[in-house]
Amino acid sequence: MNAADVARCAAGVDWQLFAALARRHRVQGLVYRALSQAGLPAAPLAADARRIATDNLRLAAESVRLHRRMAAADVPALLVKGVALGMLAYRDLGVKMGWDIDLLVAPARLETAAAVLGEAGYRCSLPSPGTVSLAEWHAFSKESVWRHEMSGIHVELHSALVDHPLLLPDVGAWSPAQLVELSPGMVLPTLTTDTLFAYLCVHGAASGWRRLKWLADVAALLARGDVLETERLYHRSQALGAGRAAGQALLLSHRHFGTVLTPQLAAALHADRTARLLAWAAARMMLDEEGYDAAAERTWGTLPIHLAQFLLLPGWRYRTVEMRRKLTPDPHVGGSRWAYPVRVLARRWREARAGEGGRSRHAPRAQSDGRFKPDQTAPL
């Protein structure tokens, strides 16, 4: 990029708003690095980038400490996402934002792993102490949340990576692993690239791809290989049970990060109307045309995610299990997974009727830029 290109990119940009959007999508470290390399104004994100780098050093040291403690207690454990993924995808420990450590153990070793965390200074914060047992909670949820009493670092202790039993059914702590060197003497085990790609797709889809952070990780991981490797990873994800989450991720990554697809794979993905619909819906949530509203994300934002989850695998068996999963009472707070979005919708409806809130249906909408119409084939 020459000086003229840099000046053209910088002209007319509200850099404070730009920084706010980067924070919403939790990509401050990545954006700061890119802006600095291009000679564009990066100062608004400098403090964020420094904090992310510092936090990642703390998380890296703590991840290694916990891995060694688990190994000493004979608890096989994988460190998923986090600093290990940061090194794999970006070759840099300091740019991928993270706030916790994802620790995956086999269900049979859950109690022992919890004891190790307790000895390491952690206390369980979800479920709250005294509400339900750890076993009861993990029968409902794939992870519990633990907080270190001194450092404030959070650990998500996973007995599974996915809540739905038909998504990635054979992926767990027993899956093949690869070792990632964070620095000399600091090595962590994580999922192999094949399994990691499939999991990142399902994880992003389960959260509606609300943040560019998750898609950026997928795109960066794919950028390590060539176009044939991308196609191989997709087919492998189907064998692992990632379903349409992988197609959705590739369509989004191709459109927004320039991931190259083979003509055969592109044709197959665009032939799947449901995958295109999922990609279109995710793009609308991720790149909200009408402006970002944090309160709306916590309320309206949950319902499309719940609905999209019914489409990740074909067939009524999957949908029946998903409906049963959503209607299962939460042992911690009572009510099903549907309870929160339904309560929110009811409250918003009452507010709209009373004229107290909600967007008027006559309010102007921003013009669409042509992103992922459900029945439109995007140019490749």
Side-chain angles (χ1 to χ4, degrees), residues 80-81 85 89 102 104 142-143 158 160-172 175 190-222 225 229-257 259 261 265-266 268-287 301-323 325-326 337 371-372 374 378:
V80 185
K81 299 186 301 179
L85 175 58
D102 290 277
L104 175 63
K142 64 184 183 297
E143 81 274 335
H158 289 258
L161 289 177
V162 183
D163 281 318
H164 198 295
L166 298 181
L167 286 168
L168 306 181
D170 297 321
V171 174
S175 296
T190 192
L191 297 168
T192 61
T193 302
D194 290 22
T195 311
L196 183 60
F197 169 73
Y199 167 61
L200 292 177
C201 293
V202 173
H203 174 265
S207 302
W209 298 102
R210 297 192 315 277
R211 303 190 192 282
L212 277 170
K213 169 188 174 180
W214 302 321
L215 186 59
D217 292 343
V218 171
L221 191 67
L222 292 173
E229 175 67 2
T230 296
E231 183 170 19
R232 189 193 69 79
L233 287 173
Y234 170 76
H235 290 301
R236 178 60 180 148
S237 76
Q238 299 308 286
L240 289 169
R244 293 191 179 102
Q248 180 192 36
L250 288 177
L251 288 170
L252 289 167
S253 185
H254 166 71
R255 174 58 66 90
H256 300 297
F257 286 94
T259 298
L261 308 177
L265 179 57
L269 295 180
H270 283 289
D272 187 340
R273 185 173 180 270
T274 304
R276 297 202 317 273
L277 173 64
L278 287 169
W280 171 81
R284 285 295 301 267
M285 293 184 65
M286 186 190 308
L287 306 174
T302 61
L303 188 62
I305 294 170
H306 281 283
L307 295 175
Q309 287 169 354
F310 281 98
L311 303 176
L312 296 182
L313 282 177
W316 285 106
R317 181 184 175 215
Y318 168 80
R319 292 167 192 164
T320 301
V321 173
E322 180 67 7
M323 178 63 76
R325 189 179 73 83
K326 291 186 184 302
R337 288 178 172 90
R371 289 191 298 266
F372 278 118

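Bear in mind that the values here come from a model prediction, so they are computed numbers and not experimental data. Note: hydrogens, waters and symmetry copies are ignored here, and every other heavy atom, side chains too, is used.
A donor-acceptor pair is defined here as one N or O able to donate and one able to accept, closer than 3.5 Å; no such pair exists between the side chain of S253 and the backbone of A249. Between the side chain of R276 and the backbone N or O of H270, at least one donor-acceptor pair lies under 3.5 Å. H158 places no side-chain N or O within donor-acceptor distance of the main-chain N or O of E143, the cut-off being under 3.5 Å.
You'll find the side chain of L312 reaches within 4.5 Å of the side chain of Y318, heavy atoms only. Residues T192 and S175 form no side-chain contact, since every pair of their non-hydrogen atoms from C-beta on lies 4.5 Å or further apart. Using a 4.5 Å cut-off on side-chain heavy atoms (C-beta onward), M285 and W209 make no contact. In this structure the side chain of L269 reaches within 4.5 angstrom of the side chain of L250, judged on heavy atoms. In this structure the side chain of L200 reaches within 4.5 angstrom of the side chain of L85, judged on heavy atoms. For the pair Y234/L261, no side-chain contact is recorded, criterion being any heavy-atom separation below 4.5 Å from C-beta on. Taking the side chain as every heavy atom from C-beta outward, L215 and F257 approach each other to under 4.5 Å.
The minimum heavy-atom distance between H256 and A283, with the atom names listed, is NE2-CB, 4.0 Å. The minimum heavy-atom distance between Q248 and A205, with the atom names listed, is OE1-CB, 3.3 Å.
Atom CG of L196 sits about 9.5 Å away from atom SG of C201, to the nearest 0.5 Å. Here the CG-CG distance, from L191 to L161, works out to 6.0 Å after rounding to the nearest 0.5 Å. Here the straight-line distance linking atom OG1 of T193 with atom CZ of R232 works out to 8.5 Å at 0.5 Å rounding. To the nearest 0.5 Å, the span separating CG on L307 from NZ on K326 amounts to 8.0 Å. Here the CG atom belonging to L251 is positioned 12.0 Å from the CZ atom belonging to R244, to the nearest 0.5 angstrom. How far CG of L278 is from CG of D272: 8.0 Å, rounded to the nearest 0.5 Å.
Applying the side-chain hydrogen bond (donor to acceptor under 3.5 Å, both in side chains) test to H164 and every residue at least two apart in sequence or in another chain returns nothing.
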| Could you walk me through whether V218 and F197 pass the side-chain contact (heavy atoms from CB on, under 4.5 Å) check? | CA-CA 7 Å; V218 171; F197 169 73; 3.9 Å; yes
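R325 has a carboxylate O that lies under 4.0 Å from a charged side-chain N of E322, or vice versa, which qualifies the two as a salt bridge. D217 has no carboxylate O lying under 4.0 Å from a charged side-chain N of K81, or vice versa, which leaves the two without a salt bridge.
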